[in-house]
There are 2 protein chains.
Amino acid sequence: MGKLTREAVVERALLIGDDEGLQAVTIRRLAQDLGVTPMALYWHFKNKEQLIVGLADHLVHGFVVTEDPVRPWQEQLRELVAGLVRVLRRHPCAVSVLEEVDHMEVPHFLHVWNTALGLCRKAGFTYEESCLISKYLLQGAIALSAGQVNRKAGVTSKEGREAARVKRITLQSLPQDVYPHIVEMAAPLVEGCSTELYDTFGVDLLMNGIETLAERRA
Amino acid sequence: MGKLTREAVVERALLIGDDEGLQAVTIRRLAQDLGVTPMALYWHFKNKEQLIVGLADHLVHGFVVTEDPVRPWQEQLRELVAGLVRVLRRHPCAVSVLEEVDHMEVPHFLHVWNTALGLCRKAGFTYEESCLISKYLLQGAIALSAGQVNRKAGVTSKEGREAARVKRITLQSLPQDVYPHIVEMAAPLVEGCSTELYDTFGVDLLMNGIETLAERRA
DNA sequence: ACCTGAACACCGTTCAAGT
DNA sequence: ACCTGAACACCGTTCAAGT
């Protein structure tokens with residue numbers, strides 16, 4: 001039989017998480033799918049938390065960004081954010097995973113963060129400001145990726161669309177005098193807007209705030 | 001004996017969540033603290049999810065923002081964000097709660113959202129843009145509140161500070177050639193920056209992005 | 001080094017029954 | 001209306017033991 005390896009476990013976890021949601025990823029379920037005892041996993045991972053950390057690292061893996069000393073920082077930061085969003089969009093469960101783990105324990109995420117920090121420093125921000133801004137940017141990128149895709153199930157699935165329909169109707173049947181705008185915009189709220197809007201507008205939104213602050217101190 | 005009521009349950013949950021973390025809030029633990037059978041809670045809440053929704057609603061309760069037709073939208077949106085951050089800072093577990101629940105199921109959060117949507121429309125954004133921006137703003141406010149306070153335990157507690165110390169050392173002992181900036185800024189990264197910086201800088205960061213976009217389309 | 005068996009201390013939830 | 005008892009189907013994790 002194929003040997004049980006960290007890689008294999010993480011990949012199986014990704015499969016389960018992507019089409020049944022992260023809450024379906026349990027030690028026991030994972031073991032069952034891999035044809036092994038639950039305790040076998042404890043040889044490869046200290047505990048479940050570390051398994052999810054491994055999953056997170058696997059997700060961000062492959063997205064390598066390095067600081068380029070000659071190109072302008074704005075351009076590079078923008079690419080970093082856009083790239084992260086793109087990577088997270090590839091897996092439905094990616095956002096839930098990143099939300100659950102402590103980012104500081106994820107090596108590949110730390111690498112992205114390191115680059116972001118360097119670019120903030122290059123922009124002329126202080127240490128404290130750079131910390132705040134980089135946190136804000138990465139968190140913002142994750143939030144952006146969360147907004148569009150349905151996190152529990154793929155938008156393509158029947159259950160996903162049915163759930164969206166129910167939610168839309170729920171919003172629409174809210175008291176109109178209390179929540180006038182929610183009722184009016186129920187459809188775009190639950191369905192999210194077009195992907196193009198997200199890619200251009202969302203990243204712009206994040207970067208504009210930072211660029212304005214940088215200019216102000218220049 | 002004091003009667004078991006929704007209010008009492010939620011308040012107990014808040015107590016537990018605030019000083020032991022949200023993961024300590026379980027149906028069984030809650031029942032034990034309240035001197036009642038676990039199943040008693042199911043009379044007042046459909047399930048655990050709805051209990052947490054109730055908790056979330058309780059947290060945002062009291063933060064009422066209403067649209068003022070005469071004052072400029074920028075000012076109002078800024079107050080909305082700053083106010084939400086202030087409210088969330090009052091309870092250590094607030095951020096975890098808001099991250100766990102579906103915001104659309106929390107009445108008082110919907111009210112804040114409704115106001116935000118109205119202000120976005122007033123700023124001249126389209127339906128789709130207003131949805132994106134309001135989501136981004138509220139999510140951003142939550143993220144800002146998360147950054148500063150330690151979410152698992154109060155910063156004042158011994159365990160909290162010890163955990164921060166360990167984390168700082170972990171970051172500092174990372175390979176310096178791979179993560180130069182992380183190593184260099186380990187201290188401010190784990191400790192977070194001063195609250196004043198957060199309040200002024202963080203909210204500015206969020207608002208600047210939006211104001212820039214609004215001006216651009218004017 | 002890598003995995004199993006059995007056990008422990010938990011979960012959320014249902015359903016019938018009590019008052 | 002409001003709560004209990006007993007049971008079900010799950011969790012993560014430890015620890016000694018097997019190969």
Side-chain angles (χ1 to χ4, degrees), chain A residues 1-57 93 96-97 99-102 105-106 152-153 159 163, chain B residues 1-57 93 96-97 99-102 105-106 152-153 159 163:
Chain A
M1 296 294 125
K3 260 183 69 181
L4 186 64
T5 147
R6 276 182 68 99
E7 274 271 306
V9 174
V10 164
E11 271 162 19
R12 204 26 158 228
L14 193 53
L15 277 180
I16 299 174
D18 271 348
D19 56 66
E20 295 179 51
L22 189 58
Q23 89 288 338
V25 177
T26 69
I27 297 279
R28 294 177 115 103
R29 164 69 190 278
L30 220 33
Q32 194 184 347
D33 279 26
L34 294 163
V36 93
T37 311
M39 307 85 212
L41 302 186
Y42 283 90
W43 179 258
H44 301 275
F45 300 92
K46 192 195 157 207
N47 50 31
K48 193 190 173 182
E49 190 190 330
Q50 288 305 307
L51 195 155
I52 305 294
V53 168
L55 181 49
D57 199 48
C93 75
S96 338
V97 172
E99 277 175 356
E100 193 161 308
V101 302
D102 182 353
E105 297 203 343
V106 184
K152 297 217 171 179
E159 309 114 15
Chain B
M1 298 293 127
K3 261 184 68 183
L4 187 64
T5 146
R6 276 181 68 99
E7 273 272 305
V9 175
V10 163
E11 271 161 19
R12 201 33 156 225
L14 192 54
L15 277 179
I16 300 174
D18 270 347
D19 55 67
E20 294 178 51
L22 189 59
Q23 89 288 340
V25 178
T26 68
I27 297 280
R28 292 177 117 102
R29 164 68 190 278
L30 220 33
Q32 194 183 348
D33 279 25
L34 294 163
V36 93
T37 311
M39 306 85 211
L41 302 187
Y42 284 89
W43 180 260
H44 302 275
F45 299 91
K46 194 196 156 205
N47 50 32
K48 192 190 174 182
E49 189 190 331
Q50 287 307 306
L51 196 155
I52 305 293
V53 168
L55 181 49
D57 200 48
C93 74
S96 339
V97 172
E99 277 175 356
E100 192 161 308
V101 302
D102 181 352
E105 297 203 343
V106 184
K152 296 218 172 180
E159 309 113 15

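Below, chains carry the letters A, B, ... as their sequence lines are ordered, and counting in each starts from 1.
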Return whichever of A:K46 or A:A24 has its heavy-atom-nearest nucleotide of DNA chain D closer to the 5' end.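 Closest to the 5' end, via its nearest nucleotide, is A:A24.
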[X] [atom1] to [N] [atom2]: how many Å, rounded?
X: A:I27; N: C:dA9; atom1: CD1; atom2: P; answer: 20 Å
X: A:Q32; N: D:dC10; atom1: CD; atom2: P; answer: 9 Å
X: A:K48; N: D:dC10; atom1: NZ; atom2: C1'; answer: 12 Å
X: B:R29; N: C:dG12; atom1: CZ; atom2: C1'; answer: 17 Å
X: A:Q23; N: C:dT13; atom1: CD; atom2: P; answer: 12 Å
X: A:L22; N: D:dC11; atom1: CG; atom2: P; answer: 14 Å
X: B:F45; N: D:dC3; atom1: CZ; atom2: P; answer: 12 Å
X: A:R28; N: C:dG5; atom1: CZ; atom2: P; answer: 13 Å

Within the structure, does a side-chain N or O atom of B:H44 lie under 4.0 Å from either OP1 or OP2 of D:dC3?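 Looking at the OP1 and OP2 atoms of D:dC3, one of them is under 4.0 Å from a side-chain N or O of B:H44.
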Which pair of non-hydrogen atoms, one from A:T5 and one from A:H44, has the smallest distance, and what is that distance?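 Smallest interatomic distance, heavy atoms only, reads CA-CE1, 4.2 Å.
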Which base, if any, makes a Watson-Crick or G-U wobble pair with D:dC8, both distances under 3.5 Å? C:dG12
Paired with D:dC3: which nucleotide, if any, by Watson-Crick or G-U wobble criteria at under 3.5 Å for both distances? none
Consider the side chain of [X], meaning its heavy atoms from C-beta on, and name the nucleotide among [options] that approaches it most closely.
X: A:Y42; options: D:dT13, C:dC11, C:dC3; answer: D:dT13
X: B:A40; options: C:dT13, C:dA7, D:dC3; answer: D:dC3
X: B:W43; options: D:dC3, C:dC11, C:dC3; answer: D:dC3
X: B:T26; options: C:dG12, D:dG12, C:dT4; answer: C:dG12
X: A:M39; options: C:dC3, D:dT13, D:dA6; answer: D:dT13

Is there a side-chain contact between [X] and [Y] in this structure, where contact means two heavy atoms from C-beta onward sitting under 4.5 Å apart?
X: B:L30; Y: B:I27; result: no
X: A:V53; Y: A:F45; result: no
X: A:D57; Y: A:V101; result: no

Considering residues, nucleotides and ligands other than A:Q50, do more than 12 of their heavy atoms fall under 6.0 Å from its CD? yes
